[in-house]
Amino acid sequence: MVTGAGQGIGHAIALALAERGARVIATDLKPPHETARKIGLTATSLQLDVTQEADWRSAYVKSLEVGEVDIVVNNAGYFPNRLIEELDLPTWRRTMATNLDSHFLSAKYFLPAMRKKKWGRFVGISSNMVGLAIPGMSHYIASKMGIIGFMRGLANDVANDGITANAVLPGLINTLATAPQSDEQKRATWEQQAIKRMGEPEDVSGAILFLTSDDAAGQAIVVDGGQYRIG
Ligand SMILES: NC(=O)c1ccc[n+]([C@@H]2O[C@H](COP(=O)([O-])OP(=O)(O)OC[C@H]3O[C@@H](n4cnc5c(N)ncnc54)[C@H](O)[C@@H]3O)[C@@H](O)[C@H]2O)c1
């Protein structure tokens, strides 16, 4: 199951998982029919607003028609830029609900079947912004740090049942969400990277394929062309 699979990074992840042989349930605010159509008969599209527990419950019930979900990639995200003076509580709460509540709710509904099967994979899409000095993103950075923290905690609780919980931290990726940035703004970011170009959604899906495979134990993987500096 991939959330926010209607476009951008989530769309690329859904296609990559399908190519590896997974039956994919692509979800988004509206059922992402186009993503499912591209994959073909093995894909299903479902409406799932990740901020709503009722939607997770109904997605869980509908998913049983396909089979038990053993991989959840929480990709849907909300990331408006607001300087702290402009940030209001509804925006803060929507950021937390979209970027963080979703991870907890997915575990609540999809963990029990994984435990029975003794195999499962949770991957959260965080952001390399947790390590960068970008103004106007305090709410977003808090939520994306929260994903790393939740995955660490979840991993501790589920490891004995063959389940892993990890995070991927993309850098600036070429999607509709980043399209409004000027070429100058984008260049200012990718010039800080070792790889001098903007990231593409397909650059992120490789890390997802690894973390959802039998090979992966656990990690928060930065996929940003070498922009992030440790320390
Ligand atoms: N694009 C980047 O540069 C970048 C960098 C780092 C991290 N990320 C993260 O990657 C993820 C995807 O980013 P993107 O650039 O592909 O974004 P995008 O805006 O292109 O796509 C996000 C998708 O999530 C869906 N969505 C939004 N709110 C939702 C909700 N409440 N319930 C269900 N679906 C919802 C949208 O409908 C959309 O289809 C986000 O979590 C984002 O924070 C993106």
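Ligands are counted one by one from 1 in listed order, and the atoms in each one are counted from 1 as well.
Heavy-atom contacts of Leu172 reach the following atoms of ligand 1: 3 (O) (cutoff under 4.0 Å). Close approach of ligand 1 to Ala177 (heavy-atom distance below 4.0 Å) involves ligand atoms 15 (O), 17 (O), 18 (P), 19 (O), 20 (O). With ligand atoms numbered from 1 in the order given, ligand 1 contributes 27 (C), 40 (C), 41 (O) to contacts under 4.0 Å with heavy atoms of Gly77. In the vicinity of Gly4, heavy-atom distances shorter than 4.0 Å reach the ligand 1 atoms 23 (C), 24 (O), 25 (C). Of all the atoms in ligand 1, the ones that sit under 4.0 Å from a non-hydrogen atom of Ser126 are 7 (C). Which parts of ligand 1 touch Ile9 is read off a 4.0 Å heavy-atom cut-off, strictly below it: atoms 10 (O), 13 (O), 16 (O), 44 (C).
Of the heavy atoms in Lys144, only side-chain atoms (C-beta onward) come closer than 4.0 Å to ligand 1. Contacts of Leu48 with ligand 1, taken as heavy-atom pairs under 4.0 Å, involve the backbone alone. Here Thr175 has side-chain heavy atoms under 4.0 Å from ligand 1, and that is the only part of it that gets that close.
The N/O atoms of Gly8, backbone and side chain alike, include none that comes under 3.5 Å of an N/O atom in ligand 1. Below 3.5 Å of separation, one finds no N or O of Thr178 facing any N or O of ligand 1. Every N/O-N/O distance between Asn128 and ligand 1 stays at or above 3.5 Å. For ligand 1, none of its N or O atoms has an N or O atom of Thr98 under 3.5 Å away. In terms of N/O distances under 3.5 Å, ligand 1 is not approached by Phe79. Backbone and side-chain nitrogen or oxygen atoms of Ser127 are examined, and none is located within less than 3.5 angstrom of a nitrogen or oxygen of ligand 1. Not one N or O of Thr51 is nearer than 3.5 Å to an N or O of ligand 1, by distance alone.
Of the charged side-chain nitrogens involved, none lies within less than 4.0 Å of a carboxylate oxygen, so that Lys62 and Asp55 do not count as a salt-bridged pair. Checked for salt-bridge contact, Glu184 and Arg187 miss the test: no charged N lies under 4.0 Å from a carboxylate O.
Using a 4.0 angstrom heavy-atom cutoff, Asp49 counts as in contact with ligand 1. The closest approach between Gly171 and ligand 1 falls below 4.0 Å for a heavy atom of the residue.
In this structure, atom 30 (C) of ligand 1 lies nearest to the protein heavy atom Leu29 CD2, 3.4 Å. Ranking protein heavy atoms by distance to atom 39 (O) of ligand 1, first place goes to Asp28 OD2, 2.6 Å. Nearest non-hydrogen protein atom to atom 2 (C) of ligand 1 is Ile173 N, 3.5 Å. For atom 18 (P) of ligand 1, the closest non-hydrogen atom on the protein side is Gln7 NE2, 3.3 Å. When hydrogens are left out, the protein atom nearest atom 6 (C) of ligand 1 is Pro170 O, 3.3 Å; that is the closest non-hydrogen contact. The nearest protein atom to atom 8 (N) of ligand 1, hydrogens excluded, is given as Tyr140 OH, 3.7 Å; this is a heavy-atom distance. Regarding atom 32 (N) of ligand 1, its nearest protein heavy-atom neighbour is Val50 N, 2.9 Å.
Counting non-hydrogen atoms of other residues, nucleotides and ligands closer than 6.0 Å to CG of Asp88 gives a total above 12. Heavy-atom neighbours of Leu64 CG from other residues, nucleotides or ligands within 6.0 Å: above the threshold of 12. Heavy-atom neighbours of Glu191 CD from other residues, nucleotides or ligands within 6.0 Å: above the threshold of 12. For CZ of Arg93, the number of neighbouring non-hydrogen atoms (other residues, nucleotides, ligands) closer than 6.0 Å is 12 at most. Environment of OH in Tyr60: sparse, with no more than 12 heavy atoms of neighbouring residues, nucleotides or ligands closer than 6.0 Å. The local environment of CD in Glu34 is crowded, with over 12 non-hydrogen atoms from other residues, nucleotides or ligands closer than 6.0 Å. Around atom CD1 of Ile84, no more than 12 heavy atoms belonging to other residues, nucleotides or ligands sit under 6.0 Å away.
Taking only non-hydrogen atoms, the option from Thr27, Asn75, Ile125 nearest to atom 40 (C) of ligand 1 is Asn75.
Residues Asp161 and Trp119 bring no donor and acceptor atom of their side chains to less than 3.5 Å of each other.
Side chain of Thr95 to backbone of His139: no donor-acceptor contact under 3.5 angstrom is found. For the pair Asn99 (side chain) and Met96 (backbone), a donor-acceptor distance under 3.5 Å is absent.
Ile208 and Leu154 are assigned to two separate hydrophobic clusters, defined by single-linkage of ILVMFWY side chains at heavy-atom distances under 4.5 Å.
For the salt bridge (charged side-chain N to carboxylate O under 4.0 Å, His left out) test with Asp70, the passing option among Arg115, Lys116, Lys117 is Lys117; the others fail.
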- Message: Between Val130 and Leu169, is the side-chain contact (heavy atoms from CB on, under 4.5 Å) condition met? List the steps.
- Response: CA-CA 9 Å; Val130 301; Leu169 288 64; 3.9 Å; yes

